[in-house]
There are 2 protein chains.
Amino acid sequence: MIPLGIIEDQAAIREALCEYLGAQPEFDCVLCAASHEEFMAGLAGLATPPTLVLSDIGLPGRSGIEGLSVLRQVLPEAEVLMLSVYTDAERVFEALRAGAVGYLEKTTPLPLLKEHLLQVAAGGSPMSPSVARHVTRYFAPRPVVPAADNLTPREQEIVRAIEDGLSYKLIAERLHVSLDTVRSHIRQVYRKLQVNSKAEIMARAQNRSRLSW
Amino acid sequence: MIPLGIIEDQAAIREALCEYLGAQPEFDCVLCAASHEEFMAGLAGLATPPTLVLSDIGLPGRSGIEGLSVLRQVLPEAEVLMLSVYTDAERVFEALRAGAVGYLEKTTPLPLLKEHLLQVAAGGSPMSPSVARHVTRYFAPRPVVPAADNLTPREQEIVRAIEDGLSYKLIAERLHVSLDTVRSHIRQVYRKLQVNSKAEIMARAQNRSRLSW
DNA sequence: CGCCGCCTCACATCTTTATGCGATAGCGCC
DNA sequence: GGCGCTATCGCATAAAGATGTGAGGCGGCG
């Protein structure tokens with residue numbers, strides 16, 4: 001029986017979740033809270049802390065995402081599934097970066113939600129399709145970003161790989177080309193961007209991200 | 001009615017897919033091929049090219065992933081859903097980078113597969129939970145215990161300098177110490193942070209800033 | 001005092017990056 | 001068809017970075 005925690009501010013929804021999931025033989029609903037603060041406080045008195053947490057995102061006080069970071073330090077072994085009415089890319093990525101293992105729309109019917117929770121316990125990462133779309137777009141080759149300096153598509157891929165911290169060898173593997181080809185592209189990129197080391201490229205990314213993200 | 005393409009080498013499976021999906025009122029199965037080469041060839045004679053493609057990954061000849069890149073150049077507006085028995089991270093990410101909008105296990109039952117295809121058409125990105133787990137791990141903050149920086153003050157200065165994109169030589173100048181001293185500190189930092197290149201340090205900084213800024 | 005952590009420096013060696021000079025092939029364009 | 005741009009790959013050299021081994025000085029602490 002999986003010890004389950006629930007964080008949801010709307011009483012009606014919280015109780016519905018708690019009641020339905022708690023009634024399932026697979027789950028033991030050990031802690032239901034209306035906010036992260038309440039949840040953290042409640043953790044103290046528990047014999048068996050939850051290993052699976054279902055959390056809303058739009059919460060009063062500490063948001064679900066901020067709370068998630070904190071929660072993962074206190075309960076590193078717990079897996080957190082986010083639930084939200086919002087499916088904008090911003091929130092999805094923030095949740096994933098904060099360590100959520102899944103992200104579902106709030107409209108998910110209860111029996112399906114139960115299925116998803118079980119999938120999490122089984123090592124899965126359920127995501128609503130519309131949420132997952134943000135993710136696929138993130139990985140997809142940039143659909144001709146016009147603003148990006150005057151780098152060719154290939155050169156942009158190279159830059160992204162550098163920003164990911166990869167070595168030439170790994171970049172070559174990722175792009176399925178030879179080491180010399182990678183060198184060649186990088187030389188070109190350095191000329192265009194007026195830099196002369198991977199480090200400068202990465203420092204650039206650093207500054208950009210502070211401005212835009 | 002959505003024009004659908006299918007690429008699958010195993011005849012039995014291909015026919016099952018073709019038959020089942022073709023019989024659905026939502027789809028018009030316009031092209032079924034056993035390989036990407038065959039598929040590309042077949043495209044030429046079509047009045048309405050598919051806008052939705054279901055493709056296997058383990059194909060003879062050009063693999064599903066290589067083929068995907070090519071396909072997306074010929075049919076940029078088509079969305080491709082990958083189907084595979086393999087769910088290793090390597091393949092999943094390659095598929096996503098090549099532009100797949102979704103990735104399903106081959107064991108997905110036909111009616112569910114149909115649902116997933118409709119979700120793609122509706123702008124979703126269905127992923128099997130075990131596939132999605134790779135994705136969430138990709139975004140998640142470095143493994144739960146990334147050695148809580150027990151860096152000495154001097155080591156932290158070194159890290160900051162690295163994050164600024166400086167070379168060893170410049171770091172040595174900034175801190176008024178010898179090159180070898182810088183090396184020495186960096187070696188120590190690498191041990192403590194479990195990394196082994198400047199690039200990884202910088203990628204770390206990158207992730208941190210996304211969370212906090 | 002002796003041990004330990006921190007900072008410093010040195011030398012050696014191997015790998016990775018940076019950079020120059022080519023070369024071939026495909027594609028769009030006039 | 002020639003021209004420019006892109007992408008690919010090769011070779012070579014020099015600089016920078018990664019990694020091992022070792023070692024002296026300094027300050028705190030049991």
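To find a chain, count down the sequence lines: A is the first, B the second, and so on, and within it residues start at 1. Below, all heavy atoms of this structure are taken into account, side chains as well, without hydrogens, waters or symmetry copies. Everything numeric in this text was worked out from a predicted model, so none of it was measured.
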- prompt: Do the side chain of A:Tyr190 and the main chain of A:Lys198 share a donor and acceptor less than 3.5 angstrom apart?
  reply: yes

- request: Report yes or no: is the SG-SG distance between B:Cys32 and B:Cys18 under 2.5 Å?
  value: yes

query: Do B:Glu200 and B:Leu193 come within less than 4.5 Å of each other through their side chains, counting heavy atoms only?
result: no

I'd like a table of donor-acceptor pairs (distance under 3.5 Å, sequence neighbours excluded) in which one partner is a side-chain atom from residues 109-123 of chain B, with atom names and distances.
| from | atom 1 | to | atom 2 | distance (Å) |
| --- | --- | --- | --- | --- |
| B:Lys114 | NZ | B:Gln24 | OE1 | 3.0 |
| B:His116 | ND1 | B:Gln119 | OE1 | 3.3 |

task: Using a 4.5 Å cut-off on heavy atoms from C-beta on, say whether the side chain of A:Ile158 contacts that of A:Leu151.
output: no

Heavy-atom side-chain proximity of B:Leu175 to B:Arg154 below 4.5 angstrom: yes

field: Test item: A:Leu170 and A:Asp164 side chains (from C-beta on) under 4.5 Å apart, heavy atoms
entry: no

field: Over all atoms of both residues, closest heavy-atom pair of B:Cys29 and B:Gly22
entry: CB-CA, 4.1 Å

field: B:Phe93: partners by ring-ring contact (aromatic ring centres under 6.0 Å, His included), with sequence neighbours left out
entry: A:Phe139, B:Tyr138

statement: Each nucleotide of nucleotides 15-21 of chain C classed B (base within 4.0 Å of a protein heavy atom), S (only sugar-phosphate) or -, in 5' to 3' order, makes -SBBBBB

message: Regarding A:Arg91 and A:Glu94, does a basic nitrogen lie under 4.0 Å from an acidic carboxylate oxygen?
response: no

Sub-4.5 Å side-chain heavy-atom contact between B:Thr51 and B:Glu79: no

Dump the pairs, protein N or O against N or O of nucleotides 3-7 of chain C, anything under 3.5 Å, distances to one decimal.
| from | atom 1 | to | atom 2 | distance (Å) |
| --- | --- | --- | --- | --- |
| C:dC7 | OP1 | B:Arg154 | N | 3.3 |
| C:dC7 | OP2 | B:Thr152 | OG1 | 2.5 |

field: Rounded to 10 degrees, the angle between the two terminal axes of the helix from C:dC1-D:dG30 to C:dC30-D:dG1, each from five pairs
entry: 30°

- prompt: Does a side-chain heavy-atom distance below 4.5 Å link B:Glu8 with B:Lys106?
  reply: yes

Pairs under 3.5 Å (N/O, protein and nucleotides 27-30 of chain D):
none

